[in-house]
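Keep in mind that the numbers below use all heavy atoms, side chains included, and drop hydrogens, waters and symmetry copies. Worth saying up front: this structure is predicted, and the values here are computed from it rather than measured.
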Amino acid sequence: MLIRRITERDRPDWLRMRDALWPNSLSDHDEETRAYFAAETQTLVVFVAEDEGRVVGFLELDFRKYAPGCRSSPVPFIEGWYVEAGKRGQGIGRALVHAAEAYAHGEGYREIASDAEVGNTGSIAAHRALGFDEIERVVCFRRSLDDS
């Protein structure tokens, strides 16, 4: 297994896995991944996991002004973290997070943050296994003003 920074030749795999992680937004993912490689400056850092010559996972690290429970700003934040179902449980996700942590630490940051949907028990367990502390849980609401 090899963890490395993404290259443009990885874009089709990144696009495929983004759509698996965040379904029903393929056109948005296509536009965002194209923009990533077209940008002259980029804050997003993307790592990929390659296993037997095939890209099987990715991690997107960005920097937020604020993250719950964090003392510093900006905060390195894991925006997306995905490993193909057939490759989970083999340390690939852990290696991706370690690469993000090493990058952030090397840039002078002292903490890293992430999140998971309340019902995503697999992701919550993976975060806990890597030593992340749960800070809070949130339920978000929406109401249309057109129905008033």
Side-chain angles (χ1 to χ4, degrees), residues 1-39 42-142:
M1 173 195 29
L2 171 67
I3 304 298
R4 59 178 172 76
R5 296 281 293 268
I6 196 166
T7 64
E8 195 161 0
R9 69 180 161 81
D10 301 316
R11 196 183 80 76
D13 290 316
W14 185 27
L15 178 63
R16 171 183 53 79
M17 291 183 295
R18 273 180 131 231
D19 193 52
L21 179 60
W22 301 300
N24 304 317
S25 298
L26 186 60
S27 62
D28 291 339
H29 299 315
D30 184 53
E31 184 179 317
E32 290 166 2
T33 58
R34 286 181 192 281
Y36 174 83
F37 289 109
Q42 187 64 257
T43 61
L44 184 70
V45 179
V46 182
F47 296 95
V48 293
E50 189 176 310
D51 188 45
E52 298 177 358
R54 212 167 117 315
V55 176
V56 298
F58 77 91
L59 185 146
E60 295 180 10
L61 183 70
D62 211 343
F63 300 84
R64 292 188 178 185
K65 288 184 179 183
Y66 168 80
C70 291
R71 293 180 216 96
S72 60
S73 178
V75 180
F77 196 93
I78 298 171
E79 298 289 353
W81 177 29
Y82 179 82
V83 175
E84 290 180 348
K87 294 293 184 176
R88 294 178 189 157
Q90 300 176 27
I92 295 171
R94 177 180 298 275
L96 284 163
V97 170
H98 285 301
E101 290 172 339
Y103 175 85
H105 193 263
E107 293 294 309
Y109 296 95
R110 298 292 172 249
E111 57 189 342
I112 191 168
S114 185
D115 62 14
E117 293 184 4
V118 172
N120 191 341
T121 57
S123 181
I124 292 168
H127 281 86
R128 285 187 177 143
L130 288 169
F132 282 84
D133 296 320
E134 183 175 324
I135 301 303
E136 67 184 21
R137 291 191 178 219
V138 176
V139 176
C140 299
F141 296 92
R142 178 202 174 272

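In this structure Glu32 satisfies the side-chain hydrogen bond (donor to acceptor under 3.5 Å, both in side chains) test together with Arg18, sequence neighbours excluded.
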Pair Glu101-Tyr109, side chain to side chain contact (heavy atoms under 4.5 Å, CB included): steps then yes or no: CA-CA 9 Å; Glu101 290 172 339; Tyr109 296 95; over 6 Å; no

Determine, step by step, whether Val118 and Val139 satisfy the side chain to side chain contact (heavy atoms under 4.5 Å, CB included) criterion, reporting the C-alpha distance in whole Å, the side-chain angles of both residues, the deciding distance to 0.1 Å, and the verdict. CA-CA 8 Å; Val118 172; Val139 176; 5.6 Å; no

Apply the test side chain to side chain contact (heavy atoms under 4.5 Å, CB included) to residues Trp22 and Asp28: give CA-CA distance (whole Å), side-chain angles for both, the deciding distance (0.1 Å), then the verdict. CA-CA 10 Å; Trp22 301 300; Asp28 291 339; over 6 Å; no

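Looking at every heavy atom in both residues, Ile3 comes nearest to Phe47 through CG2-CB, 4.4 Å. Of all heavy-atom pairs between Ser25 and Asp19, the closest is N-OD1, 3.8 Å. Nearest heavy atom pair, residue Leu61 against residue Ala100, reads CD2-O, 3.9 Å. Of all heavy-atom pairs spanning Phe132 and Ser114, the tightest one is CE2-CB, 4.1 Å. Closest non-hydrogen pair, Ala49 versus Ile92, comes out as CB-CG2, 3.4 Å. Between Gln42 and Ala35 the shortest heavy-atom distance is NE2-O, 4.4 Å.
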Let me have the donor-acceptor pairs involving side chains of residues 51-58, under 3.5 Å, with sequence neighbours excluded, atom names and distances please.
from	atom 1	to	atom 2	distance (Å)
Asp51	OD2	Lys87	NZ	2.6
Arg54	NH1	Glu84	OE1	3.1
Arg54	NH2	Glu84	OE1	2.9

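A donor-acceptor contact shorter than 3.5 Å is absent between the side chain of Glu111 and the backbone of Val75. For Arg5 (side chain) and Val45 (main-chain N/O), no donor-acceptor pair under 3.5 Å exists by modelled atom type.
Atoms CG and CG, on Leu15 and Asp10 in that order, are 12.0 Å from each other to the nearest 0.5 Å. With rounding to the nearest 0.5 angstrom, the CG atom of Asp115 is 10.0 Å from the CD atom of Glu136. Rounded to the nearest 0.5 Å, atoms CG (Leu21) and CD (Glu60) are 8.0 Å apart. How far CH2 of Trp81 is from CG of Leu96: 8.5 Å, rounded to the nearest 0.5 Å. The structure places CD of Glu134 at 10.5 Å from NE2 of His127, a figure rounded to the nearest 0.5 Å. The NE2 atom of His98 lies 6.0 Å from the CG atom of Leu130; values are rounded to the nearest 0.5 Å.
A salt bridge links Arg11 with Asp30: at least one charged nitrogen is closer than 4.0 Å to a carboxylate oxygen. In this structure, Arg16 pairs ionically with Asp13, as a charged nitrogen and a carboxylate oxygen lie closer than 4.0 Å.
Within 6.0 Å of the CD atom in Glu117, the count of heavy atoms belonging to other residues, nucleotides or ligands does not exceed 12.
Evaluation of the salt bridge (Lys or Arg N to Asp or Glu O under 4.0 Å) test over residues 61-76, restricted to residues two or more places apart or in two chains, returns Arg64-Glu79.
Ring pair Tyr103/Phe63 is tilted by interplanar angle, where 30° to 60° counts as tilted.
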